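Atoms within each ligand, like the ligands themselves, are counted from 1 in listed order. Because the structure is predicted, anything quoted here is derived from the model rather than measured. Numbers here simply count residues along the sequence, with the first being 1.
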Amino acid sequence: MSQNYNFPKNFHFGSATSSYQIEGAVNEDGRKPSIWDEFAHKSGRIADHSTGDIACDHYHLWPEDLALMSKMNFDAYRFSIAWPRVIPDGRGAVNQKGLDFYDRLVDALLERGIAPYATLYHWDLPLALPGGWLNRDTAKAFAEYTEVVVRRLGDRVHSWATLNEPRCSATVGYQEGRHAPGEMDRTKALTAAHNLLLAHGLAVPVLRAATRKAKVGIVLDIKPYYPASVSNTAAQAAIDGDGVFNRWFFDPIAKGHYPADTWAGFGEHVPTVEDGDMALISAPIDSVGLNYYSRGFVEQDKSVRFPHAKEIRNPASGYTEMGWEIYPQGLHDMLVRLHRDYPEIPDFYIAENGAAMADELVDGKVSDPVREQYYRDHIQAVSDAIAKGVPMSAYLAWSFMDNFEWGFGYTRRFGIVYVDYPTQQRVVKQSGQWFADFIAGQKALR
Ligand code: FCB
């Protein structure tokens, strides 16, 4: 397929990672455990029984990693800050050594002309916080932690995101039990989701007060739902699936209320909302980062709980190693729809997009043509959405390098750079080389 890309001159291309997935050094320089350290070590639910103890050893190898990012022509890099490095007990004493690490990282990025995109929370909650996200006070603790970080890094960060994927933290962590803290209870998941949204709402004014130029926002995972047949029931399953996955988070942030149909569908499981919560949660923001991987292709199945949506395999599509359908059209459709339905959001960027493949290092090379095509087609989808008037400012690939893929441990590789874990050697994959050349081409047009 031939491509026809058209991006604004100030558009950023780069990639993303997160702290627990790459840093390692879990006991160094004052860091204390997060819920993920405990979950990885004790739950028995990581596919290969691995942990993030060493991961990509980025805590030590970051200068080399940044040099590689320069070589790959990145305009931007999205990383997350580990709360348990900065405030090891979640609240109270600040660990300067933890802050120093991110201070150095940000300066080194700026020296290389790479715009820092910082996420304050990518799932590594300090273990010491009582009750985790089930406790409303955790939202206040998050605002305090935000203040400590933004006072130090401030406007040197180009774009601040409060949370990564509150949907995933809440649903996969508190209802499906596949992520930390491993709970399996819908009421708890919806309570956690509300406290996460509240944490975002409390942190926005803190970020605003300490910055003038930086963009302030959040990162949400998106999944467009399509009926798998022409029946009314399949159409309803798509509407309900969309409510649970997308609108439950976009509506509070953009409009200040939960979606009424989804609220009704959740029945007795809905969270307690206190006066003033929704006004905080809907504080105006500058941008929303979007994580897109796949779509929902569904039939209604009343034997499963609300949204009664059963995923159907599409024989016409390719699937990644995660079992996720490759569907670039869904990214285009979702961007156009989000801009139409949420005009309150002034800017979007792709904070994550990518594919897990069964990569192999052969003669020092990794050939991953399917991932290269995935990137070509999804970047085209973004370009097409921009042509239709969707305001977009960046495209960040997930991930810069292979890393600890949560419940899948090291059995899934998402990098555009291959990591040979025993030697910690980095090898740019075919897709990574394509991306680097693509960015060079875009820069030449600016
Ligand atoms: C997203 C996460 C990211 C990574 C990708 C594959 O949900 O934000 O850390 O695991 O999925």
Side-chain angles (χ1 to χ4, degrees), residues 14-24 34-36 39-40 45-48 50-52 55-56 58 77-83 117-125 161-176 178-180 189 192-193 196 200 217-224 245-246 249 288-296 319-327 330-331 334 349-359 368 371 374-375 378 394-417 419 431:
S15 73
T17 62
S18 89
S19 45
Y20 188 69
Q21 295 181 274
I22 65 164
E23 286 177 359
S34 72
I35 56 173
W36 266 96
F39 188 73
R45 288 185 218 169
I46 310 296
D48 55 0
S50 64
T51 69
C56 307
H58 174 76
Y77 171 53
R78 173 177 177 238
F79 59 95
S80 79
I81 294 166
W83 186 347
Y117 283 58
T119 302
L120 284 153
Y121 181 72
H122 200 129
W123 308 353
D124 40 2
L125 187 73
T162 52
L163 309 175
N164 178 69
E165 301 189 357
R167 186 207 68 84
C168 212
S169 299
T171 309
V172 187
Y174 289 87
Q175 181 179 313
E176 298 174 9
R178 291 186 289 114
H179 282 181
L196 280 152
H200 161 78
I218 186 169
V219 171
L220 299 176
D221 47 340
I222 52 171
K223 186 170 174 180
F245 200 106
N246 302 305
F249 297 88
V288 173
L290 306 170
N291 295 352
Y292 178 80
Y293 289 94
S294 188
R295 68 159 167 176
Y319 283 77
T320 71
E321 282 290 294
M322 300 296 279
W324 297 346
E325 183 183 355
I326 300 175
Y327 197 69
L331 176 55
M334 191 66 176
Y349 62 98
I350 303 302
E352 291 181 23
N353 178 229
M357 297 287 158
D359 301 315
D368 59 343
R371 185 183 288 107
Y374 183 101
Y375 279 115
H378 285 78
Y395 176 91
L396 307 174
W398 184 271
S399 179
F400 170 59
M401 58 185 160
D402 298 334
N403 57 48
F404 177 76
E405 179 45 38
W406 309 113
F408 293 90
Y410 299 97
T411 68
R412 295 291 183 281
R413 292 180 178 271
F414 271 96
I416 54 176
V417 172
V419 176
S431 60

| Distance only, no hydrogens: is a donor on one side chain within 3.5 Å (strictly under) of an acceptor on the other, for T17 and R78? |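 No - no donor-acceptor pair under 3.5 Å links their side chains.
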
| query | With under 30° as parallel and over 60° as perpendicular, where do the rings of W324 and F414 fit, or are they tilted in between? | reply |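 Rings of W324 and F414: tilted, 30 to 60°.
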
Out of all atoms in ligand 1, which are within 4.0 Å of some heavy atom of [X]? Include the element for each.
X	value
W406	3 (C), 4 (C), 9 (O), 10 (O)
W398	3 (C), 4 (C), 5 (C), 6 (C), 9 (O)
F414	6 (C)

| Of the choices F408, Y20, Y293, which has the non-hydrogen atom that lies closest to atom 5 (C) of ligand 1? |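 Closest candidate by heavy-atom distance is Y293.
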
| message | Judged on heavy-atom distance to atom 6 (C) of ligand 1, which of E405, E352, R167 sits nearest? | response |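 The nearest heavy atom belongs to E405.
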
| query | Side chains of R167 and L220: closer than 4.5 Å at any heavy-atom pair? | reply |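 Side chain of R167 against side chain of L220, heavy atoms only: no contact under 4.5 Å found.
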
| Between Q21 and ligand 1, which part of the residue brings a heavy atom under 4.0 Å of the ligand: side chain, backbone, both or neither? |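 Under 4.0 Å from ligand 1, Q21 contributes side-chain atoms alone.
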
| task | Give the residue, atom name and distance (to 0.1 Å) of the protein heavy atom nearest atom 7 (O) of ligand 1. | result |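 Atom 7 (O) of ligand 1 sits closest to the protein heavy atom E165 OE1, 2.7 Å.
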
| message | Checking side-chain contact (heavy atoms from CB on, under 4.5 Å) between R413 and each of D368, N403, D402, which is the one that passes? | response |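 Per the side-chain contact (heavy atoms from CB on, under 4.5 Å) rule, the option paired with R413 is D402, out of D368, N403, D402.
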
| query | Does the gap between the ring centers of Y292 and H378 come in under 6.0 Å? | reply |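 Yes.
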
| said: Taking the ring centre of each residue, are Y117 and Y349 less than 6.0 Å apart? | reply: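 Close enough - the centres of the two rings lie under 6.0 Å apart.
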
| message | Any nitrogen or oxygen of N164 lying under 3.5 Å from a nitrogen or oxygen in ligand 1? Just yes or no. | response |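 There is such a contact, yes.
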
| field | Contact (N/O only, under 3.5 Å) between H122 and ligand 1 | value |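 Yes: some nitrogen or oxygen of H122 is under 3.5 Å from one in ligand 1.
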
| message | Apply ring-ring contact (aromatic ring centres under 6.0 Å, His included) to residues H179 and F39 and explain how you reach the verdict. | response | CA-CA 8 Å; H179 282 181; F39 188 73; 7.5 Å; no

